[in-house]
Amino acid sequence: MAMKKLRSIFTLAFIIFVSVTEASRCSITGIPLVRNISELPQDSYGRPGLSHITVAGAALHGMKEIEVWLQTFAPGSHTPIHRHSCEEVFVVLKGSGTAYLASDSVHRYPGKPQELHIFSNSTFRIPVNDAHQIWNTNEHEDLQLLVVISRPPAKIFIYEDWFMPHTAARLKYPYYWDEECLLEESIKDEL
């Protein structure tokens, strides 16, 4: 009898643990102010070689002015060529790679990009609407970046190559990494 009762308690505890774990993926209720990044959910979002963690975001946490991400790129992986309606700042935490930047958005297409060598402890910024791409060109080490963007959600234009016309770029708006976590409840307005 005692064993049956103990088994029932363990079963109930397991069900509660699973439901809390499932709900906590997108729940902002009870999120502590200080969190361990290694315990935050990460996903590749269908991009081979990518590990993305939203440290603080619009969809996941109700942020209005900025989003903060931790992204890790395996050797040889990269972002698509894209531009967006927000400013972006990168801090390279580890590894090295290449940032490609085409600052000329007034012509019909992005054009030949400038190549910028990025390395551990370096930082760089991407102005609004400048086409860019990040590559982990290091064959032996992951490239890990802390990324901050302004004004989420971003309006993203994705290009197949640097000479694709701006008018042919694929628009994705609103762009949320954690769009499955869009808050259903109203977000508290600022004071």
Side-chain angles (χ1 to χ4, degrees), residues 21-22 24-26 31 35-61 63 66-103 110-150 152-164 169-182:
T21 303
E22 294 286 324
S24 67
R25 165 72 177 105
C26 294
I31 290 180
R35 297 175 296 147
N36 183 339
I37 287 176
S38 65
E39 296 173 356
L40 298 178
Q42 58 185 324
D43 199 334
S44 70
Y45 295 91
R47 296 183 185 178
L50 172 69
S51 172
H52 172 92
I53 296 172
T54 298
V55 176
L60 196 58
H61 307 105
M63 302 292 288
I66 64 167
E67 281 198 351
V68 180
W69 311 323
L70 180 64
Q71 295 184 328
T72 305
F73 294 87
S77 62
H78 57 85
T79 67
I81 300 167
H82 65 287
R83 66 182 173 93
H84 39 66
S85 61
C86 62
E87 297 167 308
E88 191 169 27
V89 175
F90 293 84
V91 177
V92 182
L93 300 177
K94 74 175 192 177
S96 60
T98 304
Y100 296 94
L101 178 64
S103 297
K112 185 175 184 327
Q114 176 183 10
E115 288 185 35
L116 306 166
H117 177 67
I118 58 175
F119 49 90
S120 186
N121 295 321
S122 65
T123 185
F124 60 100
R125 65 182 176 80
I126 306 295
V128 174
N129 280 323
D130 283 3
H132 59 285
Q133 183 178 43
I134 310 300
W135 275 81
N136 180 355
T137 50
N138 185 323
E139 296 177 7
H140 307 289
E141 186 178 20
D142 286 348
L143 172 64
Q144 189 171 58
L145 305 166
L146 185 66
V147 185
V148 180
I149 68 158
S150 65
K155 184 185 288 185
I156 305 279
F157 294 91
I158 301 170
Y159 297 80
E160 292 178 20
D161 61 53
W162 294 99
F163 296 96
M164 181 180 200
R170 184 170 43 97
L171 171 64
K172 173 101 169 97
Y173 179 78
Y175 188 87
Y176 293 103
W177 279 100
D178 304 297
E179 62 189 345
E180 75 276 5
C181 296
L182 285 173

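Computed over heavy atoms, backbone and side chain alike; hydrogens, waters and symmetry mates excluded.
- Annotation: side chain to side chain contact (heavy atoms under 4.5 Å, CB included) contacts of E160 (sequence neighbours excluded): M164.
- Of all heavy-atom pairs between L40 and V55, the closest is CD1-CA, 4.3 Å.
- Every residue meeting the side chain to side chain contact (heavy atoms under 4.5 Å, CB included) condition with R170, not counting sequence neighbours, appears here in chain and number order: I158.
- Looking only at distances, no side-chain donor or acceptor of Q71 sits under 3.5 Å from a matching main-chain atom of L145.
- For the atom pair CD of Q144 and OG1 of T72, the computed distance is 4.0 Å after rounding to the nearest 0.5 Å.
- Among the candidates H132, E67, R125, the single residue satisfying the side chain to side chain contact (heavy atoms under 4.5 Å, CB included) test with E88 is H132.
- Side chain of S120 to main chain of L93: a donor-acceptor pair is present (N/O by atom type, distance under 3.5 Å, no hydrogens or angles).
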Going through the distances and angles, do T98 and E115 end up as a side-chain hydrogen bond (donor to acceptor under 3.5 Å, both in side chains)? CA-CA 6 Å; T98 304; E115 288 185 35; 5.3 Å; no
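- Looking at every heavy atom in both residues, Y175 comes nearest to P153 through O-CB, 3.7 Å.
- With sequence neighbours left out, the side chain to side chain contact (heavy atoms under 4.5 Å, CB included) criterion links A99 to L116, I118, F124, I134.
- Remark: side-chain polar atoms of N36 are paired, donor with acceptor, to backbone N or O of S38 under 3.5 angstrom.
- Evaluation of the side chain to side chain contact (heavy atoms under 4.5 Å, CB included) rule for E87 yields V128, S150 as partners, not counting sequence neighbours.
- Looking at S77, its side chain never comes within 3.5 Å of a backbone N or O of L50 through a donor-acceptor pair.
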The test is side-chain contact (heavy atoms from CB on, under 4.5 Å); show your working for I126 and F90 and say whether it passes. CA-CA 8 Å; I126 306 295; F90 293 84; 3.6 Å; yes
Let's go through H52 and D43 carefully: what are the C-alpha distance in whole Å and the side-chain angles of both, what is the deciding distance for side-chain contact (heavy atoms from CB on, under 4.5 Å) to 0.1 Å, and is it a yes or a no? CA-CA 5 Å; H52 172 92; D43 199 334; 5.7 Å; no
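- Taking H140 as the reference, nothing meets the ring pair (Phe, Tyr, Trp, His ring centres under 6.0 Å) condition, with sequence neighbours excluded.
- Looking at N136, its side chain does come within 3.5 Å of a backbone N or O of E141 through a donor-acceptor pair.
- For the pair D142 and P75, the tightest heavy-atom approach, listed with the atom from each and the gap, is OD1-CD, 3.4 Å.
- Ring geometry, H82 versus H84: the interplanar angle falls from 30° to 60°, so the pair is classed tilted.
- Here the closest non-hydrogen pair linking W162 and I81 is NE1-CD1, 3.4 Å.
- Every residue meeting the side-chain hydrogen bond (donor to acceptor under 3.5 Å, both in side chains) condition with S96, not counting sequence neighbours, appears here in chain and number order: N138.
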